[in-house]
Amino acid sequence: MNTIHIDTPITPVPFPDALAAASLQQFRATPPLVHCLTNEVVQSFTANVLLALGAFPAMVVEPEEAGQFSAMANSLLINIGTLHRARAESMLVAISAANHAGTPWVLDPVAVGGLTYRTDFAREFLLLKPAAIRGNASEIMALSGMATMGRGVDSVDTSLAALPAARQLARQARTVVAVTGEVDYITDGQRDFAVTGGDKLMTRVVGTGCALPAVVAAFCALKGDRLHHVATACRIMSQVGGQVSQRVAGPGSFIPEFLDSLYQLDTLAY
């Protein structure tokens with residue numbers, strides 16, 4: 001007999017400061033090596049974000065090397081923003097090697113729902129055991145099958161409206177799902193957390209959205225409760241981004257200030 005899951009209408013509780021602080025402390029003690037197969041537009045910024053936090057980024061894209069390196073890394077990011085067939089081959093090889101080595105990998109399903117090739121490709125990934133999935137509301141709803149159309153990297157839905165889809169996707173793929181927006185919701189299908197903060201200015205800078213799943217991948221390398229670690233990654237980006245946005249003049253000054261603030265981060269409290 002099939003079990004029917006009915007989502008509670010209760011809004012998720014805020015992610016506790018103590019859990020975020022514990023995860024950050026663990027991260028500082030064991031900074032990971034993160035293999036990033038990511039959007040070609042944002043590779044430099046993504047690497048700088050990881051370096052500022054203390055992680056070690058690498059971007060090995062040749063299929064003959066991608067699998068070998070994923071087995072050596074502590075975690076793997078798969079971002080399909082600039083997807084093409086050669087990169088798709090590298091991604092599949094890297095995921096296969098990561099799974100064989102027990103290396104956690106994270107999916108960022110960029111523009112899923114809006115374009116057929118990437119949507120079909122991303123749905124194949126759900127069978128390959130991602131440790132976490134990070135997407136905006138429209139991407140998560142499309143990937144879960146609860147919606148069929150999106151608008152690329154821009155979400156036409158709210159993150160709260162996508163929470164039932166995120167829960168369903170988490171249960172379906174047995175993973176942690178972060179649906180991001182004005183409020184980020186992180187779920188494993190049974191437990192949920194909300195992360196507030198951030199600022200609209202972050203959407204006026206290329207790379208903040210793609211850097212987040214790289215940070216999620218870095219935190220997925222940690223032992224312990226993965227839901228807590230993914231929520232901490234979201235908390236870091238949201239908190240720092242929101243604070244920086246309040247003291248800069250615009251996008252041009254945001255990026256250096258954001259990287260400096262990540263580098264100087266020593267506490268997670270609003």
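All values below come from the heavy atoms of this structure, side chains included, with hydrogens, waters and symmetry mates left out.
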- Quickly, which of V177, N79, I133, L76 forms a side chain to side chain contact (heavy atoms under 4.5 Å, CB included) with L107? Name it, please. I133

- Message: So, taking the atom named CZ in R226 and the one named CD1 in I186, what distance separates them when rounded to the nearest 0.5 Å?
- Response: 15.0 Å

- Evaluate side-chain contact (heavy atoms from CB on, under 4.5 Å) for I80 paired with D108, printing each intermediate quantity in order. CA-CA 7 Å; I80 63 171; D108 186 0; over 6 Å; no

- Rounded to the nearest 0.5 angstrom, the OG1-CZ distance for T232 and R235 is 8.0 Å

- Determine which pairs satisfy side chain to side chain donor-acceptor pair (under 3.5 Å) with at least one residue from residues 47-68, sequence neighbours left out, and list them in order. none

- Task: Enter the distance from H84:NE2 to R118:CZ here, rounded to the nearest 0.5 Å.
- Result: 10.5 Å

- Query: How close do T46 and A214 get, heavy atom to heavy atom, and via which atoms?
  - Reply: CG2-CB, 3.4 Å

- Single-linkage hydrophobic cluster, 4.5 Å side-chain cutoff, V112 and L115 together: no

- Message: Side chains of R247 and S261: any donor to acceptor distance under 3.5 Å?
- Response: yes

- Hey, does R174 have a side-chain heavy atom less than 4.5 Å from the side chain of K129? no

- Please report the shortest heavy-atom distance between P63 and A86, naming the atom on each side. CG-O, 4.3 Å

- Is V41 close to T82 at the side-chain level, that is, under 4.5 Å between some pair of heavy atoms? yes

- Task: Would you indicate whether the side-chain heavy atoms of D184 and S159 approach each other to under 4.5 Å?
- Result: no

- How are the rings of F125 and F121 set to each other: parallel, tilted or perpendicular (split at 30° and 60°)? perpendicular

- Task: May I ask whether L53 and L24 are part of the same hydrophobic cluster, defined by side-chain heavy atoms of I, L, V, M, F, W, Y residues being less than 4.5 angstrom apart, directly or through others?
- Result: yes

- Has R28 got more than 12 heavy atoms of other residues, nucleotides or ligands less than 6.0 Å from its CZ? yes

- Query: Hey, mind stepping through T30 and K223 against side-chain contact (heavy atoms from CB on, under 4.5 Å) and telling me if it holds?
  - Reply: CA-CA 10 Å; T30 55; K223 297 183 182 300; over 6 Å; no

- Query: Can W105 be reached from L33 by stepping across I, L, V, M, F, W or Y side chains whose heavy atoms are under 4.5 Å apart?
  - Reply: no

- S70 side chain to A98 main-chain N or O, any donor-acceptor pair under 3.5 Å? no

- Evaluate the side-chain proximity of V179 to L169: yes if any heavy-atom separation is below 4.5 Å, no if none is. no

- Find out whether S23 and L222 are in side-chain contact, i.e. whether some heavy atom of one side chain is under 4.5 Å from a heavy atom of the other. yes

- Item | Within-4.5 Å side-chain heavy-atom neighbours: T203 and T208 | no

- Task: Kindly say whether G189 contributes a backbone atom to a donor-acceptor pair with the side chain of R171 at under 3.5 angstrom?
- Result: yes

- Note on the structure: Minimal heavy-atom distance between P12 and A194, with the atoms involved, is O-CB, 3.9 Å

- Within a radius of less than 6.0 Å around OH of Y117, do more than 12 heavy atoms belonging to other residues, nucleotides or ligands occur? yes

- Query: Is it true that R87 and E40 make a salt bridge, defined as a side-chain N closer than 4.0 Å to a carboxylate O?
  - Reply: yes

- Determine whether F45 and M59 fall in the same hydrophobic cluster, where Ile, Leu, Val, Met, Phe, Trp and Tyr are linked whenever their side-chain heavy atoms lie under 4.5 Å apart. no

- Query: Quick one: do D225 and R191 make a salt bridge, cutoff under 4.0 Å?
  - Reply: yes

- Query: How many angstroms lie between CD in E89 and CZ in R85, if you round to the nearest 0.5 Å?
  - Reply: 11.5 Å

- Does any non-hydrogen side-chain atom of C36 lie less than 4.5 Å from one of L50? yes

- Message: Given 3.5 Å as the limit, does a donor-acceptor pair link the side chain of S144 with the main chain of I140, or not?
- Response: yes

- Kindly determine whether V230 and C220 satisfy side-chain contact (heavy atoms from CB on, under 4.5 Å), including the steps that lead there. CA-CA 7 Å; V230 174; C220 280; 3.9 Å; yes

- Message: Can a donor-acceptor pair be found, under 3.5 Å and without considering hydrogens, that links the side chain of T175 to the backbone of A170?
- Response: no

- Transitive ILVMFWY side-chain link L265 to V248, under 4.5 Å: yes

- Query: So, does D199 use its side chain to make a donor-acceptor pair with the main chain of M202 at under 3.5 Å?
  - Reply: no

- Task: Could you tell me the separation between the CG atom of L126 and the CG atom of L143, rounded to the nearest 0.5 Å?
- Result: 4.5 Å

- Kindly give the heavy-atom pair with the smallest separation between A221 and P32, and that separation in Å. CB-CB, 3.7 Å

- Message: Under the criterion side-chain contact (heavy atoms from CB on, under 4.5 Å), I'd like the reasoning laid out for L37 against L77: C-alpha separation, chi angles, the key distance, then a yes or no.
- Response: CA-CA 6 Å; L37 285 171; L77 167 66; over 6 Å; no

- Quick one: does S238's side chain have a donor or acceptor within less than 3.5 Å of a partner on T196's backbone? yes

- Query: Do the ring planes of F193 and F15 sit parallel (below 30°), tilted (30 to 60°) or perpendicular (above 60°)?
  - Reply: perpendicular

- Spell out, as yes or no, whether a donor-acceptor pair under 3.5 Å connects the side chain of S96 to the backbone of V93. no

- Does the side chain of D192 come under 3.5 Å of the side chain of T187 through a donor N or O and an acceptor N or O? yes

- Task: To the nearest 0.5 Å, tell me how far S245 OG sits from F254 CZ.
- Result: 4.5 Å

- Note on the structure: Of all heavy-atom pairs linking N39 and C210, the shortest is ND2-SG, 3.9 Å

- Between P256 and G252 the two heavy atoms that sit nearest each other are CD-O, 3.5 Å

- Query: Heavy-atom distance under 4.5 Å between the side chains of H229 and Q26, does that happen here?
  - Reply: yes

